[in-house]
Amino acid sequence: MSMASSSLCSPKFLPSFSTRPTKLLLSYQPNHLVLSSLQFNKKREFRLPSVASIPYQPVNVDYLEEEFSGHGVTFEDIGGNCVAKIGLENGSTATLMLPYGLITSYKALMWHGGDVELLHTIVSEGEDGGAAIHGGVSLAFSFGSNSEVWSPCNWTLRDIRGNPQDSIQVELACSDTEDMVDIRHIVTLEETVLSSEVVISNFSSSLLQFTGSVLSHLTASTPEAIYAIGLEGSNFFDISPVSSNFVIIPPDNAQKNIGIGRLWSGMGFLSSSGAGNEEVADKAESSFTESEEDDNYKQLTDKMSRIYTSAPTQLTIIDRGRRNSVISGRNGFEELYIFSPGSRHVFYGKYAYICVGSSAMLKPIILRPGDVWKGGQHLHNPNL
């Protein structure tokens, strides 16, 4: 497979921001990301990555406002990048960052009349002084062969549909014209649901194989207060935490994390021979020890990193500390990834979250020429 075009980048890349005349203020408040513009007293530059093959172009916010106005989405320029704010009349909101395709916020209405942030994001200083954002809802996909693995990370806004009375749908696109792969990321905000769906089309004359997840960092008071409902009887494999562009990995896990592409290739799945899904499944089962979940009301106190291969398509996560819950649903994906940092960390702090992923990590998905694959994750708010 040839090198990907500029719309694709390495799965190990951590994005940073560039500032132009307007400076960028990035601050962390518990359970959500705060972005705003102001003049710094002391000049500080947040640089673009110094990788020539990844030319992030500034987002033209004025064009987006003119082209996509009237659907309940507003745009804000943050140092050459863009924050798209999606809002419904019932009060549910979501925030999407361009060109990264990262959902940094989902505020949902609660039974008590207010709203609560359901996603967890953090801002830290990345390499070369850049601002690195992690958490939220992101895509972590790896495409490739034995010689190359690449991931989509530079998204363009393709379309906005709907209205603030019912639902709003934002469609992002990332295409590799050289390898004839088209990837769509469709974010839909409804009154009680936030959906992240992926549509992958293989326009080439050869097989396309990929693996990955839609990863959601759900904010938590503490893992001691978090329970996963409905996993009893599900088969699972314990694995090391999986890393990607935006995943949050606590320091005590940092030396053991596995990139999605490396997890795939390390299990011998990267093959140009076009091995079928049955052969891939046999390799998955022989590479790890399979266990069966015996707890239907599983408390996530202990540190854990698992891929469930037979979990229900809808999983309820209850936070007894915050007195709310989230239902994570999936379609198109056979696997469920759950990562908990454990209860060693500060309550309501930097590592108070649960990562839930609709996944295809043990079994790569193979598309024949002309095939289209669809999959997604849906975060349902049952707290009204």
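Other residues, nucleotides and ligands contribute more than 12 heavy atoms inside 6.0 Å of the OH atom of Y297. When the shell of 6.0 Å around CZ of R320 is examined, it contains 12 or fewer heavy atoms from other residues, nucleotides or ligands.
One side chain, Y100 or N81, offers a donor N or O that lies under 3.5 Å from an acceptor on the other. In summary, the side chains of D182 and S175 do present a donor paired with an acceptor at a separation below 3.5 Å, with no hydrogens or angles considered. S195 and T188 form no side-chain donor-acceptor contact under 3.5 Å, judged by distance and modelled atom types alone. Under the 3.5 Å distance criterion, with hydrogens and angles disregarded, a donor-acceptor pair is assigned to the side chains of N331 and H378. The closest side-chain donor-acceptor pair between E335 and Y308, if any, does not fall under 3.5 angstrom. Side-chain contact, Q314 with S328: no donor N or O sits under 3.5 Å from an acceptor N or O.
Closest of all the heavy-atom pairs between W373 and G332 is CZ2-O, 3.6 Å. Of all heavy-atom pairs between L231 and P312, the closest is CD2-CD, 4.5 Å. Residues L315 and I229 share a closest heavy-atom pair of CD1-O, 3.2 Å. Pairing each heavy atom of L367 with each of I200, the nearest pair is CD1-O, 3.7 Å. Between S142 and S151, the closest heavy-atom pair is OG-OG, 3.6 Å. Smallest separation of non-hydrogen atoms from F246 and I133: CD2-O, 3.2 Å.
Two residues are said to be in side-chain contact when any heavy atoms from C-beta on lie closer than 4.5 Å; F236 and L336 fail this criterion. Proximity of L102 to L96: side-chain heavy atoms (C-beta onward) are nowhere separated by under 4.5 Å. Side-chain contact between N163 and I168 is absent, with no heavy-atom pair separated by less than 4.5 Å. A 4.5 Å side-chain heavy-atom check between V214 and L139 finds at least one atom pair inside the cut-off. Inter-residue side-chain proximity for D302 and S340 is flagged as unmet; no heavy-atom pair is nearer than 4.5 Å. Considering only heavy atoms from C-beta on, T289 stays 4.5 Å or farther from F237 through its side chain. You'll find the side chain of I318 stays beyond 4.5 Å of the side chain of I226, heavy atoms only. Put simply, the side chain of P241 reaches to within 4.5 Å of the side chain of Y337, judged on heavy atoms.
Taking E67 as the reference, nothing meets the side chain to side chain donor-acceptor pair (under 3.5 Å) condition, with sequence neighbours excluded. Taking T192 as the reference, H380, L384 meet the side-chain contact (heavy atoms from CB on, under 4.5 Å) condition, with sequence neighbours excluded. Listed by chain and number, the residues in a side-chain contact (heavy atoms from CB on, under 4.5 Å) with T301 are E224, Q299, S343 (sequence neighbours excluded). Here E334 pairs with K363 under the side-chain contact (heavy atoms from CB on, under 4.5 Å) rule; sequence neighbours left out.
A continuous path of ILVMFWY side-chain contacts below 4.5 Å connects V59 to F75, so both sit in one hydrophobic cluster. Hydrophobic clustering keeps I103 apart from V193 (ILVMFWY residues linked when any side-chain heavy atoms are closer than 4.5 Å, directly or through intermediates). Put simply, Y227 and F339 are part of two different groups of oily side chains (I, L, V, M, F, W, Y) that touch within less than 4.5 Å, one to the next. Tracing side-chain contacts under 4.5 Å through hydrophobic residues (I, L, V, M, F, W, Y), one reaches I86 starting from V116; they form part of the same cluster.
Of the possible polar contacts, none joining the H120 side chain to the L218 backbone as a donor-acceptor pair under 3.5 Å is found. At distances below 3.5 Å, at least one donor-acceptor pair connects side-chain atoms of S305 with backbone N or O atoms of I239. A side-chain donor-acceptor contact under 3.5 Å links S310 to the backbone of N235. Side chain of H71 to backbone of V73: no donor-acceptor contact under 3.5 angstrom is found. In terms of modelled atom types and a separation under 3.5 Å, the side chain of E191 and the main chain of N90 share no donor-acceptor contact. The main-chain N or O of M361 is never found under 3.5 Å from a side-chain atom of S359 such that the two would form a donor-acceptor pair.
Note that the CD1 atom of I160 and the CZ atom of F68 stand 6.0 Å from one another [nearest 0.5 Å]. Here the CD atom belonging to Q377 is positioned 8.5 Å from the CZ atom belonging to F333, to the nearest 0.5 angstrom. The CG atom of D115 lies 6.5 Å from the CG atom of L109; values are rounded to the nearest 0.5 Å. Atom CG of residue D319 and atom CG of residue L118 lie 10.0 Å apart, to the nearest 0.5 angstrom. Atoms CG and OG, on L119 and S105 in that order, are 6.5 Å from each other to the nearest 0.5 Å. Atoms CD and CD, on E76 and E65 in that order, are 10.0 Å from each other to the nearest 0.5 Å.
Applying the 4.5 Å side-chain rule to ILVMFWY residues, one finds that I327 remains a lone member of its cluster.
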- Starting from the C-alpha separation in whole Å, work towards a yes-or-no answer on side chain to side chain donor-acceptor pair (under 3.5 Å) for D62 and N60. CA-CA 6 Å; D62 292 336; N60 190 330; over 6 Å; no
- Message: Between I186 and V170, is the side chain to side chain contact (heavy atoms under 4.5 Å, CB included) condition met? List the steps.
- Response: CA-CA 6 Å; I186 302 172; V170 178; over 6 Å; no
- Check step by step if side chain to side chain contact (heavy atoms under 4.5 Å, CB included) holds for L379 and V137. CA-CA 10 Å; L379 299 180; V137 180; 4.2 Å; yes
- Tell me, with the steps shown, if T309 and E290 meet side chain to side chain contact (heavy atoms under 4.5 Å, CB included). CA-CA 9 Å; T309 57; E290 188 175 35; 3.8 Å; yes
- Task: For side chain to side chain contact (heavy atoms under 4.5 Å, CB included), just list the numbers for T211 and F143, CA-CA rounded to whole Å, side-chain angles, deciding distance to a tenth of an Å, and then say yes or no.
- Result: CA-CA 7 Å; T211 188; F143 298 77; over 6 Å; no
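Every pair tested for salt bridge (charged side-chain N to carboxylate O under 4.0 Å, His left out) that includes a residue from residues 368-384 fails, sequence neighbours excluded, so the list is empty.
Ring orientation note: the planes of Y351 and Y353 are tilted relative to one another, at an angle of 30° to 60°.
With respect to the salt-bridge test (charged N to carboxylate O, under 4.0 angstrom), the residues R306 and D238 qualify.
When I183, D159, L157 are each tested for a side-chain contact (heavy atoms from CB on, under 4.5 Å) with L172, only one passes: L157.
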